[in-house]
Amino acid sequence: MKRVYQIFSGTQKDLFKQVVDHIGYFESLHITDIWFTPFTESPSYHNYDCTDFFKIKEEIGTMEEFEEMCEALHEHEIGVMFDLVPCHVSNQHEWFSNHSEYFIWSNEKRGSQKAYGNLDQSSENAWHWSEEHQKYYYAPFSQCMPSLNLDNEEVREMLVLVAKFWMNKGVDNFRLDAIIHSHLNINDSVKFFEWFREQVPVYMVGEAWTDYYTIGRYSSVIDSCFDFPLQGNLIWSTRNLDFLGLAGDLNRTFSNLTLFTSNHDMDRVGEVLGYDEEKIKLYLWLNLLFAQGQHCLYYMDEVGIGGTKCMDDINVRPEIDWDLICKQMFTPDSILREYLRAVKLIDKYEVLSDGKIVRVECQYEYQRLAIYKELEDGTRVKIKVQPSNKNLDKAYTVASFCGYDIVVAIHQPVL
């Protein structure tokens, strides 16, 4: 299983040194890659509005430290995932002043195109007036983040150059930010990322926070996309202890999607689940078991921290609390220790970590959800989530929380 650990880089001082000092911890989580959110120069704390693609923000670390970190991680067979933001830059980037052709313009405000998230409360519309150019520019997230014209050949070449620059520094994979906002229509957007993947032939996972049909179009041209529908319904199901409704998403999801615990744009798992340790443990188990070869853990979800956006994303993007991690590591019944137990079991059996979902069953009489995962050699596993008082398979129960049992039965093919 490709298991990615996401770290929000924007608020982490001396980040690269921290990672090197704690490589042993990442190994204990069976991490294959670490995804760093943007750490290049930017006027904001989150760094998704870049002013220089080739420089690292001073407080996060130096280029030498980054290269040393990459080398140390590679020695431990852990890859580095760079969060590439291909759709927009900061309005303080020199391109915005000197290369207007790199951006998307209109002589009139297009009232039907709304802002996405309205990050700076500057406008409800995605088009913003430029006094300098006497035109409207497209910026769906914020007037401070004008969208790049990805049909411009020079912009395309520069993005490929950026990707290859960081690959030469030690980057192995890319997470592609906000891909559904790259163009004004989806067809052009999908074509662009198909082209980009051909130019940069490494593993790429895209953020397409939308429906399965659209996600499927993107995941057919890059390696993977995040499974937003399943993640959202899984955490809702755990909060309400009602798992039968997951059957639809489990039937519709694609085998190359990346299931994830949460991310930097969501309330933290601990907060959503009411700081209920049993529910958090149950959620983490199911999140791992329902993944199909790709999984992403948002930093400190494995210790169940809380935090809600509350009009300020910084609340869900704190500094890494190594003291809390250490405390839970040495507490036998902690959330972290349970997560480590789940990872150890799942990675022991290939069908659990890499098997593809081939069948889903709902048994309403028993309130039981069952999924079947299978490998190409015919090895199959049945995973059931059911009330503890209706479990006839105690011998195969791997975990029990909140009155529910997780039952795992592996069947080898008959030769």
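Counting only N and O atoms by type, the side chains of Ser90 and Asp49 include no donor and acceptor under 3.5 Å apart. Donor-acceptor pairing under 3.5 Å is lacking for the side chains of Tyr137 and Gln143. Checking Asn315 against Lys309 by side-chain atom types alone, no donor-acceptor pair falls below 3.5 Å. Inspection of the His99 and Asn152 side chains reveals no N or O donor paired with an N or O acceptor under 3.5 Å. No side-chain N or O of Asp313 forms a donor-acceptor pair with one of His46 less than 3.5 Å apart. Using a 3.5 Å distance cut-off with no hydrogens or angles, the side chains of Tyr339 and Asp301 do not pair a donor with an acceptor. No side-chain donor-acceptor contact under 3.5 Å links Asn256 and Ser224. When only modelled atom types and interatomic distance are considered, Glu207 and Trp209 share no side-chain donor-acceptor pair under 3.5 Å. Counting only N and O atoms by type, the side chains of Asp242 and Ser237 include no donor and acceptor under 3.5 Å apart. Glu94 and Asn98 form a side-chain donor-acceptor contact under 3.5 Å, judged by distance and modelled atom types alone. Side-chain atoms of Asp267 and Thr308 form a donor-acceptor pair, as typed in the model, at a separation below 3.5 Å. Counting only N and O atoms by type, the side chains of Ser189 and Tyr218 include a donor and acceptor under 3.5 Å apart.
The 12-atom threshold is exceeded at CD of Gln134, counting heavy atoms of other residues, nucleotides or ligands nearer than 6.0 Å. Enclosure of atom CD in Glu58 is not indicated, since only 12 or fewer non-hydrogen atoms of other residues, nucleotides or ligands lie within 6.0 angstrom. More than 12 heavy atoms of other residues, nucleotides or ligands shown are found within 6.0 angstrom of NZ on Lys382. Within a 6.0 Å radius of CD in Glu71, other residues, nucleotides and ligands contribute 12 heavy atoms or fewer. In this structure, Glu77 places its CD atom where only 12 or fewer heavy-atom neighbours from other residues, nucleotides or ligands lie under 6.0 Å away.
Salt-bridge check for Arg156 with Glu154: failed, with every basic side-chain N at 4.0 Å or more from each acidic carboxylate O. Using a 4.0 Å cut-off between charged nitrogen and carboxylate oxygen, Arg341 and Glu338 count as a salt-bridge pair. The pair Glu59-Lys13 does not count as a salt bridge, with every side-chain nitrogen at least 4.0 angstrom from each carboxylate oxygen. A salt bridge is absent between Lys373 and Asp354: the closest approach of a Lys/Arg side-chain nitrogen to an acidic carboxylate oxygen does not fall below 4.0 angstrom. Salt bridge present: Asp347 and Arg3 bring a charged side-chain N and a carboxylate O closer than 4.0 Å. The residues Glu67 and Lys169 are annotated as salt-bridged, a charged nitrogen and a carboxylate oxygen being separated by less than 4.0 angstrom. Classification of Glu374 and Lys356 as a salt-bridged pair fails, no side-chain N sitting under 4.0 Å from a carboxylate O.
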Item to check | Evaluation steps, ring-ring contact (aromatic ring centres under 6.0 Å, His included), between Phe165 and Phe53 | outcome: CA-CA 9 Å; Phe165 171 86; Phe53 282 111; over 10 Å; no
Item to check | Worked verdict on Asp172 versus His74 for side chain to side chain donor-acceptor pair (under 3.5 Å) | outcome: CA-CA 10 Å; Asp172 307 282; His74 291 158; 2.7 Å; yes
Checklist entry - Taking it one step at a time, do Phe82 and Phe39 satisfy side chain to side chain contact (heavy atoms under 4.5 Å, CB included)? => result CA-CA 9 Å; Phe82 182 89; Phe39 48 72; 3.7 Å; yes
Next on the checklist: Test side chain to side chain contact (heavy atoms under 4.5 Å, CB included) on Met329 and Tyr25; report intermediate values, then the result.
Outcome noted: CA-CA 10 Å; Met329 184 67 79; Tyr25 175 64; 3.6 Å; yes
Checklist entry - For Phe196 and Leu84, what are the C-alpha separation, side-chain angles and deciding distance, and is it a side chain to side chain contact (heavy atoms under 4.5 Å, CB included)? => result CA-CA 12 Å; Phe196 187 72; Leu84 182 63; 3.6 Å; yes
Next on the checklist: Working note: Arg217 + Asp211, criterion salt bridge (charged side-chain N to carboxylate O under 4.0 Å, His left out); need CA distance, chi angles, decisive distance, verdict.
Outcome noted: CA-CA 10 Å; Arg217 293 195 63 182; Asp211 58 89; over 6 Å; no
Item to check | Check against side chain to side chain contact (heavy atoms under 4.5 Å, CB included), Ile222 and Glu194 | outcome: CA-CA 7 Å; Ile222 58 177; Glu194 182 176 22; over 6 Å; no
Checklist entry - Please walk me through it: do Tyr283 and Arg239 pass side chain to side chain donor-acceptor pair (under 3.5 Å)? => result CA-CA 9 Å; Tyr283 173 74; Arg239 185 176 61 209; over 6 Å; no
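Aromatic pair Trp35/Tyr298: ring centres not closer than 6.0 Å. Between Phe141 and His181, the ring centre distance stays below 6.0 Å. Taking the six-membered ring where the residue is Trp, the centroids of Phe103 and Tyr138 are separated by 6.0 Å or more. Aromatic ring centroids of Tyr299 and Trp322 lie 6.0 Å or more apart. The distance between the ring centers of Phe243 and Tyr404 falls below 6.0 angstrom.
Looking only at side-chain heavy atoms (C-beta outward), Leu159 and Phe192 come within less than 4.5 Å of each other. You'll find the side chain of Gln292 reaches within 4.5 Å of the side chain of Thr253, heavy atoms only. Looking at Met81 and Val4, their side chains come closer than 4.5 Å, going by heavy atoms from C-beta outward. Within the 4.5 Å cutoff, the side chain of Phe174 has no heavy atoms near those of the Arg197 side chain. A 4.5 Å side-chain heavy-atom check between Tyr203 and Lys2 finds at least one atom pair inside the cut-off. The shortest side-chain heavy-atom distance between Leu176 and Val205 does not fall under the 4.5 Å cut-off. At a threshold of 4.5 Å between non-hydrogen side-chain atoms, the residues Glu65 and Thr62 count as touching. Put simply, the side chain of Leu288 does not reach to within 4.5 Å of the side chain of Leu297, judged on heavy atoms.
A donor-acceptor pair under 3.5 Å is absent between the side-chain atoms of Gln199 and the main chain of Val160, judged by distance alone. No donor-acceptor pair under 3.5 Å is formed between the side chain of Glu41 and the backbone N or O of Lys57. In this structure, the side chain of Ser219 engages the main chain of Ile215 through a donor-acceptor pair within 3.5 Å. Between the Thr379 side chain and the Leu375 main chain, no donor and acceptor come within less than 3.5 Å of each other. Here the side chain of Gln231 pairs a donor or acceptor atom with the backbone of Thr261 at under 3.5 angstrom. Judged by distance alone, with hydrogens and angles left aside, the side-chain atoms of Glu271 form a donor-acceptor pair with the main-chain N or O of Gly307 at under 3.5 Å.
Summarising the geometry of Ser106 relative to Glu108, their closest heavy-atom pair is OG-O, 2.6 Å, with the distance given to 0.1 Å. Residue Cys87 comes nearest to Ile179 through the heavy atom pair SG-CA, 4.4 Å, listed as atom of the first residue, atom of the second, then distance. Residues Pro146 and Asn91 come closest through the heavy atom pair CD-N, 3.6 Å. Residues Glu319 and Gln12 come closest through the heavy atom pair OE1-OE1, 3.2 Å.
Just one of Thr40, Asp83, Thr37 meets the side chain to side chain donor-acceptor pair (under 3.5 Å) condition when paired with Tyr48; it is Asp83.
For the pair Arg359 and Tyr372, the cation sits on the ring face: its NZ or CZ lies under 6.0 Å from the ring centre, inside 45° of the axis.
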